[in-house]
Amino acid sequence: MSYETLSGRRIVVGVCGSIAAYKACEVISRLRQAQAEVRVVPTRNATKFVGLATLRALSGQNVAVEMFDDIPEMEIEHISLADFGEVIVVVAATANTIGKVAAGICDDLLTTTISAAAGKVIFAPAMNWRMWENPITQRNVETLRGYDYQFVGPDCGHLACGETGVGRLCGTDDILDAIDQALGPDDSKLRGKRAIITAGPTREWLDPVRFISNPSTGKMGFALAQEALARGMQVTVISGPTCERAPWGADLVEAETTEDMLNAVQEAHAEADVLIGAAAPADYRPEARAEQKLKKTSEGGRTLSLVGTPDILASAMQAKGHRIHVGFAAESENLQQNALGKLEAKGLDLIVANDITAPDAGFGADTNEVTIYGRDGRSTPVGKRSKRQVAQAVFDEIERLA
Ligand SMILES: Cc1cc2nc3c(=O)[nH]c(=O)nc-3n(C[C@H](O)[C@H](O)[C@H](O)COP(=O)(O)O)c2cc1C
């Protein structure tokens with residue numbers, strides 16, 4: 001998943017005295033790889049778990065711990081850090097620091113910076129499950145949520161104490177997703193609306209070990225989901241089999257066959273404001289699925305009888321109502337003509353056409369090159385861009401219609 005949207009953004013990473021503090025190093029490194037500008041504020045106790053030399057080297061910046069540290073370029077540190085951070089993310093957030101912020105206590109550089117924050121604040125907690133379930137911790141979390149502080153995790157899993165439960169720091173990608181979403185535009189017309197996005201291929205089984213499919217990886221659909229979440233939408237991704245990870249915050253519905261995908265779309269459609277068909281569902285399936293593995297024939301060949309699968313977007317058209325429907329047309333010839341034909345036949349508002357024979361575009365690539373055609377006759381060419389940038393262009397068009 002791409003985090004290029006973090007490039008040039010200003011992030012403060014707070015680190016607390018948790019056994020999971022070392023994972024903050026990975027978050028800082030990934031933020032720097034995404035070209036974000038990072039400042040790190042460890043608590044005094046965090047420095048018992050991660051060395052300042054590591055935090056300095058990873059962030060490429062001086063690191064202050066104490067409020068009264070003398071670092072000349074940071075005039076009044078807590079204010080300059082609070083001003084600097086478009087987002088402050090606390091990895092790993094301890095029960096202690098969560099409790100202090102909830103109580104309005106500012107007795108170190110991190111809690112004081114948070115209290116003066118100009119941007120959004122995200123806590124990624126990590127602690128023993130009893131600490132997490134402690135009603136005082138839960139009350140503190142609720143208090144902070146009530147003031148619009150955000151939480152990512154904790155997950156359920158193996159904890160450093162050897163026990164299993166809720167309290168494990170969530171994955172680095174989840175934290176980057178939460179930052180990406182916190183940095184999204186506040187004024188999107190789509191905020192609070194619901195998107196259904198289909199992604200990936202489907203599989204149509206011949207027998208228990210073979211299927212018909214296509215090389216779709218779902219990268220385009222998942223990039224659309226990231227963008228929808230960044231614009232504050234509620235997102236359901238209905239995905240065929242793929243190795244892509246659903247972005248944090250999306251509801252993931254897995255669908256194997258085209259029929260499964262159709263059923264999932266029909267189930268979610270009533271609640272949706274936007275439907276984007278970015279999946280590549282198989283258009284045909286074997287007429288029958290053999291119960292046992294088909295054996296090689298002595299002649300070496302076999303004729304398959306295929307039947308058509310249902311058309312997902314065309315069937316959603318029946319109940320379209322106020323919803324914005326967007327389709328994708330992956331074509332190998334007559335791109336514009338075929339795309340406009342689909343726009344009409346499926347009653348779409350927008351169609352995103354891409355030539356799958358172009359280099360670095362379409363199936364599996366990290367980039368795409370598309371033209372977005374609107375029902376109103378508008379056409380928007382989007383030259384070769386990352387799939388996230390293509391997703392931004394698609395959502396700019398959706399915003400225009402919303
Ligand atoms: C080995 C060790 C691991 C700890 N891990 C955690 C943890 O994961 N989460 C937590 O809330 N507290 C943890 N603590 C307790 C905190 O370090 C302690 O509450 C401390 O006051 C937190 O300070 P801070 O919030 O200023 O960083 C741990 C303590 C020790 C000694």
Side-chain angles (χ1 to χ4, degrees), residues 11-28 38-56 58-59 61-69 71 74 77-78 81-82 85 87-117 121-145 147 149-175 178:
I11 319 289
V12 174
V13 180
V15 188
C16 303
S18 155
I19 197 77
Y22 73 97
K23 295 183 183 169
C25 298
E26 167 79 7
V27 172
I28 297 163
V38 181
R39 302 283 185 278
V40 182
V41 188
T43 63
R44 217 162 298 140
N45 288 320
T47 62
K48 303 247 173 18
F49 294 83
V50 201
L52 283 180
T54 305
L55 299 176
R56 272 191 215 114
L58 287 173
S59 65
Q61 297 288 331
N62 259 325
V63 173
V65 181
E66 302 292 343
M67 274 235 279
F68 304 102
D69 275 354
I71 298 184
M74 296 186 184
E77 284 112 310
H78 65 279
L81 286 163
V87 168
I88 300 175
V89 58
V90 187
V91 187
T94 52
N96 177 57
T97 290
I98 290 170
K100 286 202 296 185
V101 178
I105 295 171
C106 318
D107 66 349
D108 62 10
L109 184 55
L110 178 59
T111 49
T112 310
T113 301
I114 290 173
S115 77
V121 179
I122 303 169
F123 291 96
M127 62 197 74
N128 165 274
W129 67 269
R130 277 189 300 273
M131 289 176 87
W132 176 251
E133 285 186 5
N134 184 321
I136 300 171
T137 306
Q138 286 303 310
R139 184 201 59 198
N140 291 336
V141 169
E142 280 322 301
T143 300
L144 291 174
R145 281 192 209 276
Y147 288 113
Y149 289 88
Q150 290 164 30
F151 282 79
V152 48
D155 285 349
C156 182
H158 172 80
L159 302 172
C161 54
E163 295 177 88
T164 298
V166 177
R168 189 179 162 82
L169 184 74
C170 65
T172 300
D173 282 335
D174 288 353
I175 294 171

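We number each residue from 1, following the sequence as shown. Please read these numbers as outputs of a predicted model, since none were measured by experiment. Counting starts at 1 for both ligands and their atoms, in listed order.
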List every atom of ligand 1 that sits less than 4.0 Å from any heavy atom of [X], numbering the atoms from 1 in the order shown and giving each element.
X: Asn45; answer: 20 (C), 21 (O), 22 (C), 23 (O), 24 (P), 26 (O), 27 (O)
X: Thr43; answer: 24 (P), 26 (O), 27 (O)
X: Cys16; answer: 27 (O)
X: Thr97; answer: 24 (P), 25 (O), 26 (O)

Give yes if a backbone or side-chain nitrogen or oxygen of [X] is under 3.5 Å from a nitrogen or oxygen of ligand 1, and no if not.
X: Ile19; answer: yes
X: Ala95; answer: yes
X: Thr94; answer: yes
X: Gly17; answer: yes

Where [X] and [Y] come nearest, the two heavy atoms and their spacing:
X: Phe49; Y: Ala21; value: CB-CB, 3.9 Å
X: Met127; Y: Ala93; value: CE-O, 3.8 Å
X: Lys100; Y: Asp107; value: NZ-OD1, 2.7 Å
X: Pro125; Y: Val152; value: CD-O, 3.4 Å

Could you give the distance from CD1 (Ile19) to CG (Leu169), rounded to the nearest 0.5 Å?
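Ile19 CD1 to Leu169 CG: 12.5 Å, rounded to 0.5 Å.
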Separation between CD1 of Ile98 and CD1 of Ile136, rounded to the nearest 0.5 Å:
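Going from CD1 on Ile98 over to CD1 on Ile136, the span is 13.5 Å.
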Give me the ring orientation class for Phe151 and Phe123: parallel if the planes are under 30° apart, tilted from 30 to 60°, perpendicular past 60°.
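The arrangement is parallel - the two ring planes meet at less than 30°.
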Test item: Val50 and Pro42 side chains (from C-beta on) under 4.5 Å apart, heavy atoms
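No. Closest side-chain heavy atoms not under 4.5 Å.
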4.5 Å side-chain heavy-atom contact, Gln150 and Val121
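Gln150 does not reach Val121 side chain to side chain.
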Of the choices Met127, Met131, Lys100, which has the non-hydrogen atom that lies closest to atom 12 (N) of ligand 1?
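Result: the heavy atom closest to atom 12 (N) of ligand 1 is in Met131.
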State whether Glu26 and Lys23 are salt-bridged, where the test is any N-O pair (Lys NZ or Arg NE/NH1/NH2 against Asp/Glu carboxylate O) under 4.0 Å.
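Judged by the 4.0 Å cut-off on N to carboxylate O distance, Glu26 and Lys23 do not form a salt bridge.
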Of the backbone atoms (N, CA, C, O) and the side-chain heavy atoms from C-beta on, which set of Lys48 has a member under 4.0 Å from an atom of ligand 1: side chain, backbone, both, or neither?
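It is neither part, as no heavy atom is under 4.0 Å.
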So is Ala126 close enough to ligand 1, meaning a heavy atom under 4.0 angstrom away?
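It does; at least one heavy atom falls under 4.0 Å.
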To check your reading of the model: name the closest protein heavy atom to [atom], its residue, and the distance in Å.
atom: atom 8 (O) of ligand 1; result: Ser18 OG, 2.8 Å
atom: atom 30 (C) of ligand 1; result: Phe49 CZ, 3.8 Å
atom: atom 26 (O) of ligand 1; result: Asn96 ND2, 3.4 Å

Using protein heavy atoms only, decide if any is under 4.0 Å from atom 18 (C) of ligand 1.
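Protein heavy atoms within 4.0 Å of atom 18 (C) of ligand 1 - there are none.
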